[in-house]
Structure formats: structure tokens, C-alpha cells
Amino acid sequence: MSDRVYNKRMAYELAYRTLAQIITESSFLILIAVIGFLGNSCVLYVFYKSSRLRSITNYYLIVLAISDITMTTVVMPTTIAVAMTGRDVIGVTVGQVIGIFTYTLVFGSLQTTSLIAVNRFFCITKPSVYRKYFKPRPAIIMIIGAWLFAISNIALVYVSAIQERIFCHFFPSETSSSRNRATEESKSEMKRQDAVADLGRARNIVEEKETV
């Protein structure tokens, strides 16, 4: 199945969900967004109020909290809107921007988590090296470097030919005629695939009878 046909099929399934599915999915997404925002906001507030917690290791946790808050305030609202309406409500251009934000935040968070692992490794196994090199300034430089790497990675992906495969284009498009055409194409493709599957099953049955 081609990417375009797959996207159309997914758009068709998204548009024709039951009311129970829409309510359940939207409720879970809203719950995740609210919990993520409040939880990470509390983390930042605690770090702000307590200077005792501002250790080098917690620098990484602060960055992760900021990343998660950005995810819940920038990415999640559009996801919830699409889940509730069952169609593209943001357009291709904004969708590309949201895709860039999502990929950058996820990739940057992974790099930050890796830095935490490196930090803990040297703290436990090589305490002398840790005390010498793992200080606030180097930690900040490593964090900035990790996120610059994430941004450069997403820039490379965006300018390359594989961006169409990573950043989702919502189908159907904005016009009603395009939506109807995409829906009919999706239906025809699914019917064709079902017919091919039925033909394959019938062939297998005939072959089994001939073998017997």
C-alpha cells in the first residue's frame, strides 16, 4: 500500500468513527495534556522555589519539563482538535510546523535523557572525573549542544526527500469536493484490497481440495 493510499485510508477511518470512540479518544488526550502540563509546571515551580534542588543533574530534568510543557501547549491542542472533529482543521502548512515541533521535542528529549545517563554513569563509576568535568557550565553546554543537534537533524530531514514520509499530510484536504473524492478513492481502494484477499482465500481453498 502506498503512503498516499495509507494516509487516505487513515483519514477515512478518522472521519467515520463512532461517537463513543470520539469521546473516549478526545477525553484521554485532554487528560494526558492537562496532567502533563500541571505535573511539569509543578516540577518547574519546585525547582524555582528551592535553590537546594538546583543541582547539575536537575538541569536536565528542568529541560525535560520545559520540553513536555511545550509539547502539551503546542502539539497536543492540535491533536485534540483533529481527534474531536475527525478532519484536518489546521492545514498542511501548520501541520508541517507542528510536525517539526513534535519531532524536535521528542528527539531533543531523547538526547537529554542520554545526557542524564552519561551524567549518572560518571557520578557512580568515576567520581573523580565527575567532580572535575561535570560542572554547571559544561552541563549547560552539553544541553545546548544536544538540542542544536536535534534541530540540525530535523532541518536535514525537512530539506531531504523523506519529509513527506515523516510529517503527516492530512487527507482529505480542505475543500468538500476534495474530501468527497478522497473518501471515494479510499473506499475503492479498500474494496479492491478486500477483493484481492477474497480471491487469495478462494485460491487456497481450491488448492487444498485438489491436494486432498
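With hydrophobic clusters built from ILVMFWY side chains whose heavy atoms lie under 4.5 angstrom apart, I35 does not share a cluster with I30. Y45 and V63 are not part of a single hydrophobic cluster, where members link through side-chain heavy atoms under 4.5 Å apart. Taking hydrophobic clusters as Ile, Leu, Val, Met, Phe, Trp and Tyr residues chained together by side-chain heavy-atom distances below 4.5 Å, I143 shares a cluster with V118. Grouping the Ile, Leu, Val, Met, Phe, Trp and Tyr side chains by contacts below 4.5 angstrom, directly or via other members, places Y16 apart from I22. Using a 4.5 Å cut-off between side-chain heavy atoms of Ile, Leu, Val, Met, Phe, Trp and Tyr, with links allowed through other members, V75 and I151 fall into different hydrophobic clusters.
Looking at S109, its side chain does come within 3.5 Å of a backbone N or O of L105 through a donor-acceptor pair. At distances below 3.5 Å, at least one donor-acceptor pair connects side-chain atoms of Q21 with backbone N or O atoms of T18. Not one N or O on the side chain of S50 forms a donor-acceptor pair closer than 3.5 Å with the backbone of V46. S26 places no side-chain N or O within 3.5 Å of a backbone atom of I23 that could act as its donor or acceptor partner.
S114 OG to Q111 CD: the interatomic distance, rounded to the nearest 0.5 Å, is 5.5 Å. One distance of note links CG of L148 with CD1 of I141; it measures 11.5 Å at 0.5 Å rounding. In this structure, R52 CZ and N58 CG are separated by 10.0 Å, a value rounded to the nearest 0.5 Å. With rounding to the nearest 0.5 angstrom, the CD atom of Q96 is 10.0 Å from the CD1 atom of I90. Taken from CD1 in I80 to CD in E25, the straight-line distance is 12.5 Å, to the nearest 0.5 Å. In this structure, OG1 in T24 is found 11.0 Å from CG in L29, a value given to the nearest 0.5 Å.
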Please step through side chain to side chain contact (heavy atoms under 4.5 Å, CB included) for the pair V82 and R87, ending with a clear verdict.
CA-CA 6 Å; V82 172; R87 61 185 179 86; over 6 Å; no
Verdict with reasoning, Y130 to N119, per side chain to side chain contact (heavy atoms under 4.5 Å, CB included)
CA-CA 8 Å; Y130 179 82; N119 180 281; 3.5 Å; yes
Working note: I62 + Y48, criterion side chain to side chain contact (heavy atoms under 4.5 Å, CB included); need CA distance, chi angles, decisive distance, verdict.
CA-CA 10 Å; I62 293 173; Y48 172 75; over 6 Å; no
Report the C-alpha distance between L61 and V43 in whole Å, list the side-chain angles of each, state the deciding distance to 0.1 Å, and finish with yes or no for side chain to side chain contact (heavy atoms under 4.5 Å, CB included).
CA-CA 9 Å; L61 299 181; V43 170; 5.5 Å; no
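You'll find the ring centres of F107 and F149 inside the 6.0 Å limit.
Evaluated for a side-chain contact (heavy atoms from CB on, under 4.5 Å) with I100, the options T104, V97, T102, I98 yield exactly one hit, T104. The side chain to side chain donor-acceptor pair (under 3.5 Å) test with T112 is passed by exactly one of W147, Y60, Y59: W147.
For F37, the CZ atom sits in a loose shell: 12 or fewer heavy atoms of surrounding residues, nucleotides or ligands are nearer than 6.0 Å. More than 12 non-hydrogen atoms from other residues, nucleotides or ligands lie less than 6.0 angstrom from CE of M142.
Minimum heavy-atom separation, M84 to R17: N-NH2, 4.4 Å. Here the shortest heavy-atom pairing between L44 and A65 reads CD2-CB, 3.8 Å. The two atoms that bring I56 and A139 nearest to each other are CG2-CB, 3.6 Å, heavy atoms only.
Residues V106 and M71 are in side-chain contact: their nearest non-hydrogen atoms beyond the backbone lie under 4.5 Å apart. In this structure the side chain of L64 never reaches within 4.5 angstrom of the side chain of N40, judged on heavy atoms.
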